[in-house]
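First the structure, in the form of structure tokens, and then the observations on it.
Hydrogens, waters and symmetry mates are skipped; everything else that's a heavy atom, side chains included, is used. What you are looking at is a predicted structure, and each value in this text was computed from that prediction instead of being measured. The sequence lines fix the lettering, A, B, ..., with proteins before strands; numbering per chain opens at 1.
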Amino acid sequence: MPEGHSIHRFARLHRALLGGQVIAASSPQGRFSDGARALDGGTLDEVQAHGKHLFYRFHANGLGRRAKSRPTPVGPPLTLHVHLGLYGRFREYRGIASPPTAGTRLALTSDDAELQLSGPTVCELIDPAAEEMLHARLGPDPLRGDDPAPAFEGMRRRSAGIGNVLLDQRVISGIGNVYRAEILFLVGVHPDRPAHAVDRTTFDRLWTLLRTLMADGERRGRIITVQPQDRRAPSSVSPGDEYWYVYKRAGLPCRRCSTPINTWELGGRMVFACPVCQPA
DNA sequence: GCTGCATGATGAA
DNA sequence: TCATCCTGCAGCA
């Protein structure tokens, strides 16, 4: 479930789990052995999220994983960059951890907790210059309280459908396929409407709603967009059906007008919309 | 036990 | 636009 809300939630949870602690790092899978070696024995200072990207800031203690019992000189900063992609997954443990699976790319272990990462698209150490380039490439993030103006400017320059543009992380960072479908339903905009045709008032509503919904998703750990007054008619045909207006509800009646929900492919991903509530 | 699908992104063509 | 990365799980036999 890695849309932006999950990533920010991971940042918060992992900060609480391992922040400020001396970390033993390993790569059971072996594909991140060098990186794990560099992190091993370091202290995790901070975890931050931007869009769907995670940044774990360490400083090396220079004395290996036994550093805790000795003086711990502050070494050079190290940043671990993680992007879960479609498959990436974290397992978090307090106390006794389950043994890592063979696919575990990275395990971070403190005295009383462990974090295991498998299947990420990106798991790498980056220097400050590379990180700066990465941030520069990402659009404003609704969950960071960023200024939305660049996102509106970005949309005005695009003639592609807004449904396509919303998944472009350079325009807004953190939106995935669920939020794309749901937010467009809530603002009553058809996914194929050219992005530059969306006016400022509509964009502001979209941004405000995104902030609210994503913050809610961050707290809950799952995406629920259906407002209480629309929650009737529990025809739970597919998983999550009671939580969403249109996502994965193709053919089911719209919660507002009962018209069957449409679905088609847009930008390589399935998009969902109500033909009446979101007129073309 | 097998198949297909999934909340993502990239790089080649 | 397409193939690929590469993991977990639901659905099915």
Side-chain angles (χ1 to χ4, degrees), chain A residues 1-11 27-32 49-55 81-92 98-107 115-124 126 130 133-139 141-143 159-161 163-186 191-192 210 213-226 236-251 261 263-273:
Chain A
M1 22 181 127
E3 297 197 23
H5 70 297
S6 310
I7 304 309
H8 280 264
R9 181 179 173 87
F10 285 134
S27 178
Q29 181 197 37
R31 285 185 54 185
F32 191 57
H50 185 175
K52 299 169 187 170
H53 298 255
L54 280 162
F55 303 92
H81 171 219
V82 172
H83 191 298
L84 293 179
L86 194 51
Y87 312 131
R89 172 175 175 172
F90 285 112
R91 293 179 176 84
E92 295 115 348
S98 295
T101 61
T104 300
R105 182 82 56 91
L106 174 65
L115 180 62
Q116 298 169 358
L117 168 65
S118 65
T121 290
V122 176
C123 174
E124 62 179 6
I126 55 173
M133 281 177 59
L134 219 157
H135 286 297
R137 194 161 52 100
L138 294 172
D141 178 343
L143 284 179
S159 56
N164 221 332
V165 173
L166 286 181
L167 288 184
D168 187 336
Q169 304 296 304
R170 294 169 299 186
V171 178
I172 299 178
S173 60
I175 298 183
N177 209 19
V178 180
Y179 280 120
R180 151 171 96 162
E182 296 296 292
I183 202 74
L184 287 176
F185 174 86
L186 283 164
D192 287 334
L210 261 184
L213 291 178
M214 291 180 75
D216 182 72
E218 196 274 347
R219 278 190 302 272
R220 293 177 189 272
R222 76 184 313 161
I223 301 174
I224 299 179
T225 58
V226 174
S236 322
V237 177
S238 55
D241 181 41
E242 65 268 40
Y243 301 128
W244 305 319
Y245 286 101
V246 294
Y247 181 76
K248 274 193 177 167
R249 295 195 70 242
I261 300 300
T263 185
W264 67 100
E265 203 174 300
L266 177 58
R269 320 279 299 278
M270 297 309 288
V271 71
F272 305 82

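- By the 30° and 60° cut-offs, the orientation of the rings of A:Tyr245 relative to A:Phe185 is parallel.
- Nucleic acid contact for A:Glu182: none, since no nucleic acid atom lies under 4.0 Å from a heavy atom of the residue.
- Here A:Gln29 reaches the OP1 or OP2 of C:dT7: one of its side-chain N or O atoms lies under 4.0 Å away.
- Atom NZ of A:Lys52 and atom CD1 of A:Ile175 lie 8.0 Å apart (nearest 0.5 Å).
- Atom CG in A:Asn177 sits about 9 Å away from atom P in B:dA6, given to the nearest Å.
- Each of C:dG8, B:dT7, B:dA9 was ranked by its minimum atom distance to the side chain of A:Arg89; first place goes to C:dG8.
- Taking the P atom of each, B:dG4 and C:dA3 are spaced 15 Å apart, rounded to whole Å.
- In this structure, A:Arg170 reaches neither bases nor backbone, as no heavy-atom distance under 4.0 Å exists between it and the strands shown.
- Comparing B:dC5 with C:dC2, their P atoms sit 16 Å apart, to the nearest whole Å.
- When the side-chain nitrogen and oxygen atoms of A:Arg31 are compared with OP1 and OP2 of C:dC6, one or more of them lie within a distance under 4.0 Å.
- Applying the 4.0 Å criterion to OP1 and OP2 of B:dA6, one finds that A:Tyr87 has every side-chain N and O outside that range.
- In this structure, A:Met270 atom CE and B:dC5 atom C1' are separated by 12 Å, rounded to whole Å.
- The CZ atom of A:Arg91 lies 10.0 Å from the CG atom of A:Leu117; values are rounded to the nearest 0.5 Å.
- In this structure, the side chains of A:His50 and A:Leu134 stay at 4.5 Å or more apart for every pair of heavy atoms.
- Set against C:dG8, B:dT7, C:dT7, the side chain of A:Arg91 has C:dG8 as its closest nucleotide.
- Which of B:dA9, B:dT10, B:dT7 sits closest to the side chain of A:Leu86 comes down to B:dT7.
- Between A:Leu166 atom CG and B:dT7 atom C1' the separation is 15 Å, expressed in whole Å.
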For A:Phe90 and A:Val82, what are the C-alpha separation, side-chain angles and deciding distance, and is it a side chain to side chain contact (heavy atoms under 4.5 Å, CB included)? CA-CA 11 Å; A:Phe90 285 112; A:Val82 172; 4.1 Å; yes
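- Between A:Phe55 and A:His81, the ring planes lie parallel to each other; the angle is under 30°, not in the 30° to 60° tilted range.
- The nearest whole Å value for the distance from the CZ atom in A:Arg180 to the P atom in B:dA9 is 12 Å.
- In this entry the distance linking CD1 of A:Ile172 with P of B:dA9 reads 13 Å, nearest Å.
- Nucleic acid contact for A:Ser118: sugar-phosphate only, since backbone atoms but no base atoms lie under 4.0 Å from a heavy atom of the residue.
- Nucleotides B:dA13 and C:dC5, compared at atom P, are 15 Å apart to the nearest Å.
- C:dG11 and B:dT7 have their P atoms separated by 15 Å, given to the nearest Å.
- Remark: B:dG11 base-pairs with C:dC2; criterion is Watson-Crick or G-U wobble with both hydrogen-bond distances under 3.5 Å.
- One interatomic measurement links the two molecules: NZ of A:Lys52 to C1' of B:dA9, which rounds to 9 Å at whole-angstrom precision.
- Between the C1' atom of B:dT7 and the CG atom of A:Leu184 lies a distance of 16 Å, rounded to the nearest Å.
- Residue A:Arg137 contributes atom CZ, which lies 13 Å from atom C1' of B:dG11 at whole-angstrom precision.
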